[in-house]
Structure formats: C-alpha cells, structure tokens
Amino acid sequence: EAGVAQSPRYKIIEKRQSVAFWCNPISGHATLYWYQQILGQGPKLLIQFQNNGVVDDSQLPKDRFSAERLKGVDSTLKIQPAKLEDSAVYLCASSSRLAGPYEQYFGPGTRLTVT
Amino acid sequence: AQSVSQHNHHVILSEAASLELGCNYSYGGTVNLFWYVQYPGQHLQLLLKYFSGDPLVKGIKGFEAEFIKSKFSFNLRKPSVQWSDTAEYFCAVSPQTGANNLFFGTGTRLTVIP
C-alpha cells in the first residue's frame, strides 16, 4: 500500500512570498489532515477534511493560510504571504475514518524555511 | 483545552537499559491515547494506541504503555532498548467524542548509545 505523498520535500522562500504544498493521501482514505510542526514542538493540527468538506479549521490562520481538497482526494495548503514564523515542517496525514481511535498515517512532510 | 505534557526532552541510554517516557494529558472527557515514533529521516508512525479495555497495551518492537486514568498518564516503556530505538517519541491524545483530532506533546528525543 502506497503511503501519504507530499511535495515538495523542501522549500525556501523569502518573507511575503507565497508557497503551496501538495498532499496525496492513501487511496480510499476519506479524512485528510494538515499539521504544522515547528522545531522543538509536536505537530499542531491546522485543518481537517472529510472528503472535500472542512471538519475543523479552527487553528488555521485564515488571513494567510488556505487549504482545499476539491475532489476529495488530493489537497493543497497555501501560505500567502509567508512570515518568518511560518518556518516549520508541514505534515499531511490521512485516516480511513473520521472518528474513533483510527490510525493517522503521516507523509514525509515539507520543510519550509522563510528568510 | 486539551494539552499533552512530555516531561523529558532528551533521554540518553545505553543499550539494554530500561526505558520509561512520561506522558500526562489534560482533558475533561474520555480520550484515545497514542504514541507515535519518528526514526531519523522517516515518517511519523504509530507505535501503539489505547482506547478502551486493558490499560496495559503492547505495541510494535517490544514497546508497551500503561494508561493510569487517575493520574491522566500514558507512559511508554521498554525493558531493554536497542541502538535502533534512537528516535523521537510523541505522545498524542484525541477526544473520544467528535472528530479524530490528535493533540501532540512536544516529543522526547531518545538517543541509545551502543
């Protein structure tokens, strides 16, 4: 079974530029998550999708971050404009179910450096 | 609000030593509990999970964890560590009601010296 795919793996941009990350979840997984992991911290949930609908985006800084999952499969996360404090690893995860103790499968992450 | 505390930021052990990593959480309701591990250069992956039943759960690679409800704790243990256990370990909780949102601790880096 193929895992969660993410691209790019690394990205360096200047502050005020925009950037987009892509995620392809495990086939058949209806639930998709984007996490932000700042150095020295645990992952923090940004947004959760069930199919193409948003379940929880309460932690997403909506003035600069946006995410979509138009066809209920792939997802993109965008930052516009980026700030220095956005430097982090952005993790995508997927799960077969919305609720319950179901395992979330994580991708390799995209390491973003904002200079 | 939910919070997860991992007391040890960096643990250094020699091979064959016993391991215990602490995890405490703060949440008013019933939770599912997880330990995830990230080996160097690899993805986060599930080590073990607890959602009900026997509070002592066993995971992959000889790891186990015990849920103590009265202490809001879910400590990770291994009787004898190996060099290959060198990794970062994250405790996470998700409320049993609502969506399967994970709240992570800050992680504990384990270094095992051969």
Side-chain angles (χ1 to χ4, degrees), chain A residues 1-7 9-10 23-26 29-51 53-60 67 69 88-111, chain B residues 1-10 21 23-25 29-55 57 59-60 65 67 74 87-109:
Chain A
E1 164 180 271
V4 177
Q6 290 188 248
S7 68
R9 293 295 308 275
Y10 304 92
C23 172
N24 186 21
I26 292 173
H29 280 192
T31 312
L32 184 146
Y33 311 80
W34 282 102
Y35 290 86
Q36 179 192 58
Q37 185 175 16
I38 294 172
L39 186 65
Q41 300 181 19
K44 183 185 83 171
L45 180 70
L46 291 175
I47 188 167
Q48 178 185 0
F49 291 94
Q50 175 71 3
N51 296 310
V54 174
V55 175
D56 184 354
D57 63 357
S58 57
Q59 298 298 307
L60 189 73
R69 194 183 182 200
V89 176
Y90 291 85
L91 296 167
C92 179
S94 70
S95 176
S96 59
R97 299 288 181 91
L98 174 63
Y102 296 100
E103 180 178 353
Q104 293 186 22
Y105 295 83
F106 286 82
T110 296
R111 183 175 298 276
Chain B
Q2 298 89 344
S3 67
V4 181
S5 298
Q6 291 184 245
H7 317 299
N8 313 102
H9 295 292
H10 189 190
L21 301 182
C23 173
N24 286 88
Y25 68 92
T30 309
V31 297
N32 302 313
L33 297 154
F34 305 81
W35 276 96
Y36 277 82
V37 61
Q38 188 167 26
Y39 298 103
Q42 296 188 25
H43 310 179
L44 268 171
Q45 58 185 283
L46 185 67
L47 203 53
L48 48 77
K49 66 183 179 185
Y50 170 83
F51 54 96
S52 67
D54 188 343
V57 293
I60 60 172
F67 171 48
F74 190 55
E88 185 124 22
Y89 293 81
F90 293 92
C91 181
V93 303
S94 71
Q96 286 198 357
T97 55
N100 187 20
N101 292 346
L102 283 175
F103 296 88
F104 284 87
T106 52
T108 297
R109 184 154 58 103

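What you see below is based on every heavy atom in this structure, not just the backbone, and it leaves out hydrogens, waters and symmetry mates. Throughout, protein chains are lettered first and strands after them, A, B, ... in sequence-line order, and every chain is numbered starting at 1.
Ranked by heavy-atom pairs under 4.5 Å with chain B, the list A:G109, A:G107, A:G40 is led by A:G107.
If you take CD on A:Q104 and NZ on B:K49, they are separated by 11.0 Å, rounding to the nearest 0.5 Å. Within the model, atoms CG of A:L91 and CG of B:L44 stand 6.0 Å from one another, a figure rounded to the nearest 0.5 Å.
Residues passing the side-chain contact (heavy atoms from CB on, under 4.5 Å) test with A:R111, sequence neighbours excluded: A:Y10, A:V89. Residues meeting the ring pair (Phe, Tyr, Trp, His ring centres under 6.0 Å) test with B:Y36, sequence neighbours left out: A:F106, B:F104.
The neighbour count for B:H9 NE2, taken as heavy atoms of other residues, nucleotides or ligands under 6.0 Å away, does not exceed 12. More than 12 heavy atoms of other residues, nucleotides or ligands lie within 6.0 Å of CD1 in B:I60, so this atom counts as buried by the packing criterion.
Nearest heavy-atom pair, B:H43 versus A:V4, reported as atom, atom and distance to 0.1 Å: CE1-O, 4.5 Å.
In this structure, the side chains of A:Y35 and B:L102 come closer than 4.5 Å at one or more pairs of heavy atoms.
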